Structures are given as C-alpha cells and as structure tokens.
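Written below as structure tokens is the structure these notes are about.
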Amino acid sequence: MSRGLPLLHRRRVLAAGVIGGITCGAVAVGAAMAGQDGSGASDRASTKAASAISCPEVTGSLPEIPAQAKAEVDRNLALLRTQLDEANKRLATSQGQGGPNFVRNAILGPLADKRKSTLDRIAISIGRHAAKPQGLDALAECSLGTGAGSGSGTGTGAGGSAPATAEPSAPGSGAEDGGEGGAQDGSGGGTGAGSGSAQSISCPDVASKIGAVPAAAQAEVDRNIALLRTQLDEANKRLASSVGQGGPNFVQNAILGPLKDKRASTIDRIRISISRQGATAPSGLDALAGCSLASG
C-alpha cells in the first residue's frame with residue numbers, strides 16, 4: 001500500500017505531462033498556422049498593391065498661366081490625370097499578359113507618348129499669350145512604383161493617354177514624336193516594311209489634304225510633314241524587329257496605338273501653325289491620324 005501510492009502518483013504526473021505536451025503542441029501549431037495565414041494575407045495584400053504607375057507632377061512646373069489660356073490648360077491637366085488612371089487600370093487588368101517587355105511596350109511607352117502630346121498642347125496654349133514654358137517634355141516619362149494608387153503622381157498632371165509631342169519650346173520641331181509612327185505624307189506601307197515581315201504599316205496621306213499654306217507657316221508645316229514620315233519609318237522598323245513578341249494585341253497596343261497618338265499631335269501642330277497666321281486651318285485632319293496594317 002505504501003509502495004502503491006508513490007507509483008500511482010508517478011503515473012498521474014506522467015499523464016499530466018503528456019497532456020500538457022499535447023496542449024502546448026496544439027497551441028504552437030495553431031500559432032504557426034495563424035502566423036502563416038496572416039503572412040499569406042499580407043502577401044496577397046502586398047501583391048494587390050504591388051505595382052502602380054507614378055508620373056511626375058506637372059502643375060508645379062508651369063509658369064503663371066495667362067487668363068486666356070487657363071481653360072485649355074486645365075482641360076489638358078485633367079486629361080493627364082485621366083491618362084494615368086486609364087494606364088493604371090490597364091496595368092491591373094493585364095497582369096500575366098505578353099512577354100517581359102509588355103508593360104514597357106504596351107503601357108508605359110504609349111503613356112509617355114500621350115503625356116508628351118498633352119504637355120506640348122499645354123506649352124503651346126501658354127505660348128500663344130506669354131513666354132512658352134521650356135522643358136515640359138522631361139515630365140512625360142512615368143515609372144512603376146510600389147503601392148502607389150492610380151492617382152499617384154497626378155497632383156496636377158500625372159496621367160497617361162494621349163501620346164506624344166515633343167519639344168514644348170518648338171511647336172514645329174517634335175523631336176519626341178519621331179518615336180514611332182507618323183503620317184506618311186505620301187503613300188502608305190512604306191519604309192521598313194519587311195525585314196522578314198509580310199506586313200507593313202499604311203497611313204493616310206496628309207500633305208495633299210492641307211491645302212494652301214501661308215508663307216510664314218510653310219517651314220513649320222514642312223518640318224511636321226517630314227516628322228510624319230520619320231514616325232512611319234520608325235514604326236515600320238519596329239514592326240519588322242518585333243515579330244513574335246507579345247500577345248495578339250501587341251501590334252495595336254505597342255505600335256499602331258502610339259503611332260496614331262503621335263500623328264494626332266503632329267497633325268495638330270500643323271493645324272495650329274496655319275491658324276496662327278490668320279488663315280483658316282483645314283478641318284478633318286485629325287481623321288488622318290489612324291494607320292493600319294497592310295500586306296507587304
């Protein structure tokens with residue numbers, strides 16, 4: 001009897017230890033699972049917020065805006081915000097599409113072109129009534145940021161959806177429009193068609209639709225007509241060198257879309273340069289901005 005009690009006591013202690021060990025193990029496993037669930041949720045949250053497009057702020061870089069230009073400048077600042085919002089929506093809905101350069105070619109590149117065009121219009125509208133602001137084209141490029149919302153960088157002008165203009169200081173120069181595509185002031189498929197590709201880009205003729213050009217505007221109009229040809233040549237070169245890249249909409253998104261925007265900007269400069277001399281600008285030129293693929 002006296003020996004049985006210690007034995008019974010030892011058994012009780014052993015059982016209590018086993019139960020305690022099981023309880024601690026369950027707690028540890030539960031904590032680990034909870035931690036795992038928490039980190040998974042945060043991973044998912046960070047993935048959702050991972051990438052957004054951020055653009056340089058524009059309003060703070062503008063000089064004092066003449067009252068006569070205020071409405072037009074405000075419209076273009078609003079357009080910059082709309083462009084950025086649309087680019088961020090596209091970024092969110094196109095994850096996993098295309099190759100490694102898809103975002104650059106199909107979203108950031110076209111966005112930069114659209115911003116250039118819009119910034120150029122802002123510079124031109126101010127320049128009609130005051131000193132034309134210089135260097136706005138440096139604000140056209142946007143980049144991917146972490147966790148920035150679709151409004152990031154828009155304070156008053158982030159945005160993205162209207163491709164390309166160039167040197168705000170010289171409405172007729174348009175260096176940046178030389179990017180890719182343009183109005184082929186002459187025929188259609190053109191240059192660069194072919195290096196291994198059966199298709200080329202064809203654009204409506206612009207020069208024949210302009211009509212009489214005031215002598216004071218002739219040089220600027222000629223520069224922009226030449227720029228349209230350069231844009232088309234570069235777009236055709238890119239078409240030839242990018243065969244097999246991206247998804248089914250790659251050509252439209254990365255080449256034809258940006259080309260149309262650049263042409264629209266260049267055509268707009270042609271119209272402005274003619275009207276600035278007191279002549280009636282030709283109507284309907286904006287309908288000539290779109291280009292298409294033609295069989296080589």
Side-chain angles (χ1 to χ4, degrees), residues 49-62 73 75-123 135-168 174-182 231 234-235 238-239 242 245-247 249-269 289-291:
S51 295
I53 298 169
S54 177
C55 300
E57 197 264 347
V58 172
T59 301
S61 299
L62 296 179
V73 169
R75 277 196 303 272
N76 282 291
L77 289 175
L79 178 58
L80 288 171
R81 289 190 289 270
T82 299
Q83 291 168 346
L84 178 62
D85 290 344
E86 291 177 352
N88 268 309
K89 285 176 187 172
R90 183 155 187 221
L91 179 67
T93 59
S94 63
Q95 289 184 11
Q97 293 184 20
N101 296 319
F102 175 81
V103 172
R104 162 56 55 190
N105 293 333
I107 302 178
L108 291 180
L111 174 56
D113 289 334
K114 292 174 180 180
R115 283 175 61 82
K116 285 175 185 176
S117 177
T118 307
L119 290 167
D120 194 47
R121 288 196 294 271
I122 290 173
L136 290 185
D137 55 331
L139 305 176
E141 295 286 339
C142 303
S143 59
L144 284 182
T146 303
S150 79
S152 100
T154 69
T156 56
S161 151
T165 82
E167 196 128 18
E176 76 218 8
D177 285 353
E180 66 201 326
Q231 292 169 345
E234 293 183 354
R238 184 163 184 204
L239 178 68
S242 62
Q245 290 185 20
N249 297 319
F250 175 81
V251 171
Q252 180 58 49
N253 293 334
I255 301 178
L256 291 180
L259 173 56
K260 178 180 179 181
D261 291 330
K262 291 175 179 180
R263 282 173 59 85
S265 174
T266 306
I267 290 170
D268 192 46
R269 287 200 296 270
C291 301

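What you are looking at is a predicted structure, and each value in this text was computed from that prediction instead of being measured. Every heavy atom of this structure was used, including side-chain atoms; hydrogens, water molecules and symmetry mates were not.
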Decide yes or no for [X] and [Y]: does some side-chain heavy atom of the first lie under 4.5 Å from some side-chain heavy atom of the second?
X: R81; Y: L84; answer: no
X: L144; Y: L91; answer: yes
X: S265; Y: K116; answer: no
X: L256; Y: K260; answer: no

Atom of [X], atom of [Y] and distance for their closest heavy-atom approach:
X: G60; Y: E57; result: N-OE1, 3.0 Å
X: C142; Y: P56; result: SG-CD, 4.4 Å
X: S94; Y: I107; result: OG-CD1, 3.7 Å
X: A106; Y: N253; result: CB-CB, 4.0 Å

Check your understanding: Between L119 and D137, does a side-chain contact (heavy atoms from CB on, under 4.5 Å) hold up when you go through it step by step?
Key -> CA-CA 7 Å; L119 290 167; D137 55 331; 5.7 Å; no
Check your understanding: Within the distance-only criterion (no hydrogens, no angle test), does the side chain of N88 pair as donor or acceptor with the backbone N or O of A52 below 3.5 angstrom?
Key -> no
Practice item. Not counting sequence neighbours, list each pair that qualifies as a salt bridge (charged side-chain N to carboxylate O under 4.0 Å, His left out) and has a residue in residues 97-111. Key: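 Listed by first then second residue: R104-E141.
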Practice item. Could you tell me the separation between the CG atom of L136 and the CG atom of L62, rounded to the nearest 0.5 Å? Key: 6.0 Å
Review point. Say you draw a straight line from CG of L79 to CD of E86; how long is it, rounded to the nearest 0.5 Å?
Key: 8.5 Å
